[in-house]
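What follows is a short report on a single structure.
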Amino acid sequence: MKKYLTTEINSALKKIGIESADLQFDKPKEEKFGDLSANIAMMLAKELKLPPRKIAQDILDNLQIDPAKISKVEIAGAGFLNFFISDNYYRDVLPLIMEAGNDYGRSDLNKGRTANLEWISANPTGPLHTGHGRAACLGKSISNLLEWTGYKVTREYYYNDAGNQMNNLAKSVYARYMQIIDSSFDFPEDGYVGDYVKEIAANIYHEKADSLKGNFDSDYFMSEGEKFTFNLIRGTLDRMGIKHDLFFNESSLYEDGTIKKTIIELKDKELAYDLDGAVWLKMKPEEGFQKDKVIVKSTGEPTYRLPDMAYHIDKIRRGYDLIVDIFGSDHGDTYKEVLYGVKNLGYDDSRIKVIIHQMVTFRMGDESVKMSKRSDKVYSLDELIDDIGVDATQFFFIMRGANTHLDFDIELAKERSDKNPVYYLQYAHARTCGILRNAEEHLKDAVSPSNDNVLINLLVNQDEIRLMKVLNRFPEEVANSAASFEPHKIINYLNELAESFHRFYHNNRIVDPEKSKSRWQEFCFAKLRSKYSKTALRS
RNA sequence: GCGCCCGUAGCUCAAUCGGAUAGAGCAACAGCCUUCUAAGCUGUAGGUUACUGGUUCGAUUCCAGUCGGGCGUACCA
């Protein structure tokens, strides 16, 4: 439709002597402003030194429009051209939706392009906690959205099963193991106090009894701990329907010499230097950095920056058209340092898109819920899912823009009432299911919805047309949401869809054995298709 | 102190590249259940978009400053 209007408006512009213009269409907020509006007259006002409304009138006078597509064009406000799409146009949309079925909303905008999305990437030191939830859900939705617009998506999880944190886990497991034998055994001060550590220790004791007593075999305890916690993490991801294609282990970067090569490259380009036994990354003030950063500690161990740079270079070399990272705002500064290194080593960082989400505050009603990694009161993601379900979890984490602080009321999410925003959507879905059940029972002989297009012409009711208008926007909403990496837009859209459905439902008896049967059923099916699409994106 | 992010109805938040009278849900108030789930629908009320200035046909949106909040500011990740 936009294409059609663009062509027609351009030819009208030519008649009044304007060769080319950048045409933009908006969806007006209010129905009385039509279905599409163009601000072209205001854009040209300055250039032509004419009042916008005058220009709009000139365009309108020269515009030739097919009334089957556009029923009305108006000039309004400061000089908007408002187009009213004819009802007939929407009637034609329904068969298209029916035909597309569960794929309705997919597009091939990015056909042939590849994307890599890396997210969560928690090290195997413990179960995922609620703090991981937002990134987990954002990543899931965004990867689906990208896929829906044609990308071939690689979902990746980056982790490190070596280093300090893992040592700490090994020590913690060992301490818990020793405590089974001797309850007075000291627990490390910064150890992981979660109950899962006790469980790991108990498993070890079950298998090995006290044969490991007094002999801290770090590698053994570490690998037992890793196996166990990784299973926990994967179990949670499974429940959420998150499937990573690739688990990338940081240690592989050491094994194949990438890390060493990266240091040499940095030094060759005079981006790194030795000082006090450490290796420093030289930060350029003109790129907004205040001071140099350590990339290899004096102990010989790299800081996170170095492997992260090597990792991103690896991803760039793999040739993706788009590389997406999802981090919490606590990484807000550090990713810049990493990209700085990547870029100054001569790699193209323009394909890397970093999504930073703000922190989440959890509360149960009026009570705030703390979650610190090293306290035993961690509220795990699994517990959250147990409490409110997978769908509500996904919904709450993506219902707000990533760049705003999220206030997550667990009490509210748990509640089975109209206070809970999840239920508005779920109820719409429940209603469609109810209709379908009913339809099956009473309309067994109805015409099959897939090949009876004649009945569609019966769609005349304004509630129906309105619902069609919203359904019609779905592909566009998916595309917008994907392009800006903002799944919450889909949530907003689905709310709007649910709203127009509820109104329609309320005003119209859909399955009525006395009346024309299957046009309603058609509608119902269309509705359900879109609901499935929602499911595909969300859960 | 410095850097990044945020500040919109009583609460939680939307608002497309700078577009029209700033929108939803909850809470409040008034209605609607012999009818496919009232977990719903209809209506009313609620705002100096933190504040001050600037840019222009037009600013919640862009710029500068002020105030308030979050996150960083490690030889932790």
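Each chain gets a letter, A, B and so on, in the order its sequence line appears, and its residues count up from 1.
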Can you figure out which of [options] approaches the side chain of [X] most closely?
X: A/Lys419; options: B/U12, B/A77, B/C26; result: B/C26
X: A/His506; options: B/U12, B/C57, B/G40; result: B/G40
X: A/Asn403; options: B/G40, B/G70, B/C6; result: B/C6
X: A/His502; options: B/A14, B/C57, B/C41; result: B/C41
X: A/Asn39; options: B/G40, B/U12, B/G19; result: B/G19
X: A/Asn492; options: B/A14, B/G40, B/C4; result: B/A14
X: A/Asn480; options: B/U16, B/U12, B/G40; result: B/U16

When rounded to the nearest Å, what value does the distance between [atom1] atoms of [N] and [M] take?
N: B/G58; M: B/U12; atom1: P; result: 34 Å
N: B/C62; M: B/G23; atom1: C1'; result: 22 Å
N: B/A22; M: B/A59; atom1: P; result: 13 Å
N: B/C32; M: B/G18; atom1: C1'; result: 43 Å
N: B/U56; M: B/C17; atom1: P; result: 23 Å
N: B/A39; M: B/G25; atom1: C1'; result: 13 Å
N: B/G69; M: B/A30; atom1: P; result: 39 Å
N: B/A15; M: B/C75; atom1: C1'; result: 46 Å

Taking atom NZ as the centre, does A/Lys171 end up with more than 12 heavy-atom neighbours from other residues, nucleotides or ligands that are less than 6.0 angstrom away?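 For A/Lys171, atom NZ is not crowded (no more than 12 foreign heavy atoms under 6.0 Å).
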If you count heavy atoms of other groups shown closer than 6.0 angstrom to CD of A/Gln290, is the number above 12?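 No, CD of A/Gln290 has 12 or fewer neighbouring heavy atoms, counting only those of other groups under 6.0 Å.
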Does a side-chain N or O of A/His488 approach OP1 or OP2 of B/A24 to a distance below 4.0 Å, or not?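 No, no such contact exists.
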Across all chains, not counting sequence neighbours, the side-chain contact (heavy atoms from CB on, under 4.5 Å) partners of A/Ser172 are A/Asn168, A/Phe187, A/Pro188, A/Tyr192, A/Val197
Side-chain donor-acceptor pair under 3.5 Å between [X] and [Y], yes or no?
X: A/Asn480; Y: A/Tyr493; value: no
X: A/Asn123; Y: A/Thr125; value: no
X: A/His312; Y: A/Asp325; value: yes

Hey, can you pull the residues of residues 324-332 of chain A with a non-hydrogen atom under 4.0 angstrom from RNA chain B?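 Contacts with RNA chain B under 4.0 Å: A/Ser329, A/Asp330, A/His331.
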Got a second to check how far A/Tyr379's OH is from A/Ile410's CD1, nearest 0.5 Å?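 So the gap between those two atoms works out to 4.5 Å.
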Just checking [X]: base, sugar-phosphate only, or nothing, at a heavy-atom cut-off of under 4.0 Å?
X: A/His405; result: base
X: A/Ser484; result: nothing
X: A/Gly288; result: nothing
X: A/Arg503; result: sugar-phosphate

Parallel, tilted or perpendicular, as decided by the 30° and 60° cut-offs, for the rings of [Y] and [X]:
X: A/His331; Y: A/Phe327; value: parallel
X: A/Tyr158; Y: A/Tyr311; value: parallel
X: A/Phe474; Y: A/Trp148; value: perpendicular

Ignoring hydrogens and angles, write down the donor-acceptor pairs under 3.5 Å from the side chains of residues 300-308 of chain A, residues two or more places apart or on other chains.
from, atom 1, to, atom 2, distance (Å)
A/Thr303, OG1, A/Val294, O, 2.9
A/Tyr304, OH, A/Glu337, OE1, 3.2
A/Arg305, NE, A/Glu337, OE1, 2.5
A/Arg305, NH1, A/Val294, O, 2.9
A/Arg305, NH2, A/Glu337, OE1, 3.4

In this structure, how many angstroms lie between the [atom2] atom of [N] and the [atom1] atom of [X], rounded?
X: A/Leu497; N: B/G40; atom1: CG; atom2: P; result: 16 Å
X: A/Ile75; N: B/G19; atom1: CD1; atom2: C1'; result: 16 Å
X: A/Asp407; N: B/G7; atom1: CG; atom2: P; result: 15 Å
X: A/Glu118; N: B/A77; atom1: CD; atom2: C1'; result: 13 Å
X: A/Ile40; N: B/G58; atom1: CD1; atom2: C1'; result: 16 Å
X: A/Phe395; N: B/A14; atom1: CZ; atom2: P; result: 12 Å
X: A/Phe501; N: B/A39; atom1: CZ; atom2: P; result: 15 Å

For A/Tyr159 and A/Ala122, work out which heavy atoms get closest and say how close.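 Nearest heavy atoms, A/Tyr159 then A/Ala122: CB-O, 4.1 Å.
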For the student: nearest non-hydrogen atoms of A/Phe289 and A/Lys336, plus distance: CZ-O, 3.9 Å
Can A/Tyr505 be called stacked on B/G40 when the rule is centres closer than 5.5 Å and an angle between planes below 30°?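 Ring-base stacking flag not set for A/Tyr505 and B/G40.
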Output the pairing pattern of RNA chain B as a dot-bracket string, 5' first, Watson-Crick or G-U wobble with both distances under 3.5 Å, | for cross-strand pairs, [ ] for crossing pairs. (((((((..((((.....[...)))).(((((.......))))).....(((((..]....))))))))))))....
Could you pick out which residue, A/Asn420 or A/Arg363, lies toward the 5' side of RNA chain B when each is mapped onto its nearest nucleotide?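 Closest to the 5' end, via its nearest nucleotide, is A/Arg363.
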Residue mapping more 5' on RNA chain B - nearest nucleotide basis, A/Phe408 or A/Asn160: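 Taking each residue's closest nucleotide, the earlier one in sequence belongs to A/Phe408.
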Is B/C13 syn or is it anti, if syn means the base angle is within 90 degrees of 0?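 Glycosidic conformation of B/C13: anti.
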Checking one value: the base orientation of B/C67, syn if chi is within 90 degrees of 0, otherwise anti.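 Anti.
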Output a table of nitrogen or oxygen pairs between the protein and nucleotides 73-75 of chain B separated by less than 3.5 Å.
from, atom 1, to, atom 2, distance (Å)
B/C75, O2, A/Ser298, N, 2.8
B/C75, O2, A/Ser298, OG, 2.9
B/C75, N3, A/Ser298, OG, 3.4

Is any side-chain N of the basic residue among A/Glu156 and A/Lys315 closer than 4.0 Å to the acidic one's carboxylate O?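 A salt bridge is absent here (no side-chain N lies under 4.0 Å from a carboxylate O).
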Are the charged groups of A/Asp407 and A/Arg400 less than 4.0 angstrom apart, N to O?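 The answer is no: the pair does not qualify as a salt bridge.
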Applying salt bridge (charged side-chain N to carboxylate O under 4.0 Å, His left out), run through A/Asp409 and A/Arg363 and close with a yes or a no. CA-CA 5 Å; A/Asp409 187 344; A/Arg363 60 189 168 93; 3.3 Å; yes
Could you tell me whether the side chain of A/Asn82 has a donor or acceptor atom within less than 3.5 Å of a complementary atom in the base of B/A20? yes
For A/Gln358, does its backbone N or O pair with a side-chain atom of A/Ser329 as donor and acceptor, under 3.5 Å?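 The answer is no, because no donor-acceptor pair under 3.5 Å joins these two groups.
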Which atoms of nucleotides 21-23 of chain B (N or O only) lie under 3.5 Å from a protein N or O atom, and what are those distances?
from, atom 1, to, atom 2, distance (Å)
B/U21, N3, A/Lys32, NZ, 3.4
B/U21, O4, A/Lys32, NZ, 2.1

